[in-house]
Amino acid sequence: MHAFLDKNRTQAAPVSVDFPLISNQETWMNIALIKQYHENMPKDESQQFVFTCLRRLGIEHVAFKRIVALSEEEAFCVMLLRAAMIQKAIIVIDRPFIIIPHLKDVCFIFQMLEKINDLYYSCHVYDYKWMADKYGDLCQ
Amino acid sequence: MSITREFKVGFLVVFTAILLIATLFYLAYEKGVFSTIHTYTLSSHSGDGFTEGMPVVFSGFNIGKVHALELNDQGLTLIKIKIPNKHVKWIRSDSSFVLYRPLIGAARIVVSSANLHSPLLPPGEIREVNTINDINDAIAKVQPLIEKITNIAENIERLTNQLSDPAGSLNRILANARKVTDTLARKKSLLEMAVDDEESVKAVHAALKKLKDITASVDGVLKKVDKMADKTDSSLYGKDGTLPQVNKILKDIIGKLEKLDTTVSNINKMSGDLSEGTKNFRILRSDIDDTVNAIDDVAKKLDDLLSTKKEPEIKLP
Amino acid sequence: MSFKCIIFNTCVKYNDSSLFVNDNVADTADRGLQFPDLCYKHLTSFVFSHNTIKKYWLLMASLESIGRFILQITASLRDTIYFALLVITRIFQLSSYNSATRTVLVNQIYFTSVQIIPAFLTASIIFGSLFIGIVFHALKGLGLSDYLGNVLMGLIVTEISPLFTVLLLTLRSASAINAEIAVMKVNNELHSLEAFRIDVINYLLLPRIINGMVSMVLLYSLFSIVLLISGIVFSGVIFGMSMDAYTNILLNSANFYDIVLTLVKCALFGFFITLIPIRFGLRTSDELTSIPVAVSSGMVNVFAAIIIIEVLLLITKII
């Protein structure tokens, strides 16, 4: 995965426990940061954009929360949105069941990806072989 | 409407920046940064004490500063001072410039203008600067004191040198004192220590005893003499003593002399009238003179007699 | 748009290299043979008594520890200067600034200056009034009333005020910055930023350093203004001085050069009281226990820097 990230440096957008959210910022700022930094999008505009995205995932109530106050699913969604903020993002999800350990299958992840499918270019999921059954038909 | 974080930050930054800039601007304005500056040239025989940036003061207020110091061809120091336009009015043609060097604090050029109605000092005119030097004055006052202190210090040093010198006076005195005390501890008395001979001490004791006996006998003699003197006194000064009798005699003599004096004056009168019998009267007069002289001698002898308290034989003429 | 799912057998452990930590000296010393070991290797060929070798060993060990200490100090100083130059370069590059940087800068100024204002003004009024009252009283007692302006401008405004402000900011903000960066380092949050191609210097450090400089100048100005206003009150009460006379004394004593130098000093203080904690925060290892160590080392170095700057500027003033 690391090699993949290096290969697609401009588009790669990791979602991983190794790349945590910034703990001293509110949720919306974690997401908006990418737009503000790479596209120099004004704060208010980026804030509105992030709110829209959060609404799409049904978690707009977490906008002003700090990271420690989020549930595992909410934290995953925020990480996913942050990754999707990269232009033509190639989202790389690294071991999603470590981010959300109690998840039975990958359906929740796919549902979230479906909701924001217009925000990214492609998505890659990396996980252990022994977790294959959680991915169902996708691994066949 | 809630005040946003950005607004608060912006307000603080802008407010403080305006405050700071306004303060700096005001300071610059008051310091005359924006006003027209006039340059005056002063001169001094020595550049000692002058520095660039030195304040120029009028009535305790800074009105300018020294801009540059130069040395001209005549060896005079030229001091160029810069005065802002608003303070030029204090620099008059009769203004005096004094370099004041206080004991504590920075030196400054003090401007004094006796008459503020006199014309302004032309910028081209060169005025001389006098100097008041508190430091030198203070040094001059302190100099004698320092000399005295130096003398005292030298004396103290000499004393301490003598004290520390093993062969010095004090140490010698101490050594001698030690010897004396040692000797005193060994001897029975101070006298023995002084003469360092026991026999001599005994002799002194015997002599003293003898002296005591002699004193007692002399005392007896003196008592006798006193008694004799008492007797003499009574014979001289007593009721029937010599002196009262002498007094009587003297009074008698004085009475006689008065009579004689009258006689002589009568005779003098007669001599003025009788020119022919002058010779006889002259003889008479010389006799009278002799008598007076004799009486005088007797008086002298009496005087001697009184002073010696003796019983003299008085021979009357 | 494509969607792929790749399953792999082994989990990749990411290379945990650090961009900023540069403990070359300590690493070099740990990697190579220790000097006493070398001594032993060479000395065993000779016939020496045990005591002689022990004495040599102790001497060499002492010299080595002194040398290591000096090298560490030198390396640390060199890295700090290099880092400072890098930050200064970035400050003057327009590309360093974007919406994210500005947001962080505004937040930092808000937390450092705006939030502190009530407490700071209260402390300024209490401390400033007391201090100025004591100084005025002492001047009157010593018969040095003529030097009121010089003391006020030369000592209080240009020396005491910056020192008071920098100490307050160091205690409140520099320590917070140090801890914040150390926690981010331990939590791998800096890696996250790198992974999203966000320049840590531009995004995290630059706004904090600029904030340090701006806040320092702002708070110093406010503190000085409070002090000078206190001075009006105290000069009236103690010396019976009118406001005009007080203003005149201040104007006579105020030196434009000194004020500008003091503002520069404040900016320098602000620069170093944020740069040094950041550097020490970035030197934190991946263990949580290293956070307090980094914070305490950072704070000690900040105070050392304050003293050094103060001394250097005093020397500049004297010269």
Side-chain angles (χ1 to χ4, degrees), chain A residues 1-5 9-10 12-14 16-25 29-30 32-43 45-46 79 82-83 85-86 90-95 98 106 110 113-114 117-118 120-132 135 138-139, chain C residues 1-17 94-108 110-111 176-204 206-208 281 286 288 291:
Chain A
M1 192 193 84
H2 203 66
F4 183 80
L5 287 175
R9 260 199 82 73
T10 53
S16 166
V17 283
D18 291 326
F19 303 112
L21 296 162
I22 309 298
S23 54
N24 60 1
Q25 288 184 346
M29 288 174 80
N30 265 286
L33 162 67
I34 312 298
K35 286 280 178 197
Q36 282 187 287
Y37 190 86
H38 289 299
E39 296 170 36
N40 199 16
M41 187 184 275
K43 186 189 162 193
E45 195 183 329
S46 63
M79 285 166 109
R82 179 180 67 171
M85 291 298 114
I86 297 267
I90 300 173
I91 296 173
V92 179
I93 302 173
D94 175 31
R95 295 162 294 164
I98 291 180
V106 81
F110 288 163
L113 283 168
E114 280 297 324
N117 59 2
D118 57 319
Y120 64 89
Y121 178 72
S122 67
C123 179
H124 303 257
V125 180
Y126 288 81
D127 210 331
Y128 299 112
K129 197 177 180 181
W130 59 84
M131 302 291 279
Y135 291 86
L138 274 171
C139 301
Chain C
M1 193 190 305
S2 65
F3 180 76
K4 277 194 256 178
C5 185
I6 303 160
I7 296 177
F8 57 97
N9 290 329
T10 52
C11 176
V12 178
K13 179 71 183 164
Y14 301 108
N15 187 9
D16 199 12
S17 61
L94 264 180
S95 58
S96 306
Y97 302 95
N98 51 51
S99 174
T101 315
R102 282 195 295 274
T103 306
V104 178
L105 180 62
V106 167
N107 286 343
Q108 286 297 318
Y110 178 77
F111 291 128
I177 289 172
N178 200 333
E180 186 185 26
I181 301 293
V183 168
M184 286 180 85
K185 179 82 194 308
V186 170
N187 283 348
N188 261 341
E189 289 170 22
L190 300 180
H191 285 246
S192 294
L193 294 174
E194 284 167 31
F196 284 95
R197 293 180 290 113
I198 291 171
D199 191 306
V200 176
I201 292 178
N202 287 357
Y203 175 67
L204 273 185
L206 214 56
R208 282 167 174 77
D286 292 338
L288 280 171
I291 294 173

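Below, read A as the first sequence line, B as the second, and so on, with proteins coming before strands; counting in each chain starts at 1. What you see below is based on every heavy atom in this structure, not just the backbone, and it leaves out hydrogens, waters and symmetry mates.
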- request: Test Leu204(C) against Ile198(C) for side-chain contact (heavy atoms from CB on, under 4.5 Å), laying out the working first.
  value: CA-CA 9 Å; Leu204(C) 273 185; Ile198(C) 291 171; over 6 Å; no

What part of [X] lies closer than 4.5 angstrom to a heavy atom of chain C: side chain, backbone, both or neither?
X        : answer
Met85(A) : neither
Pro42(A) : backbone
Ile22(A) : both
Gln25(A) : side chain
Leu21(A) : backbone

task: Assess whether side-chain contact (heavy atoms from CB on, under 4.5 Å) is satisfied between Tyr203(C) and Leu33(A), documenting all intermediate values.
output: CA-CA 10 Å; Tyr203(C) 175 67; Leu33(A) 162 67; 3.0 Å; yes

field: Reported OH-to-CD1 distance for the pair Tyr128(A) and Ile98(A), which is rounded to 0.5 angstrom
entry: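 If I round to the nearest 0.5 Å, the distance is 4.5 Å.
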
query: With distance as the sole test, does Tyr37(A) use its side chain to make a donor-acceptor pair with the main-chain N or O of Asp199(C) at under 3.5 Å?
result: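 Here the side-chain-to-backbone pair exists.
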
message: Strictly distance-based, threshold 3.5 Å: is any side-chain N or O of Asn40(A) a donor or acceptor partner for the main-chain N or O of Ser99(C)?
response: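 The answer is yes, because a donor-acceptor pair under 3.5 Å joins these two groups.
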
- prompt: Which bit of Asn107(C) is near chain A, if near means a heavy-atom gap under 4.5 Å: side chain, backbone, both or neither?
  reply: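 Only the side chain of Asn107(C) comes within 4.5 Å of chain A.
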
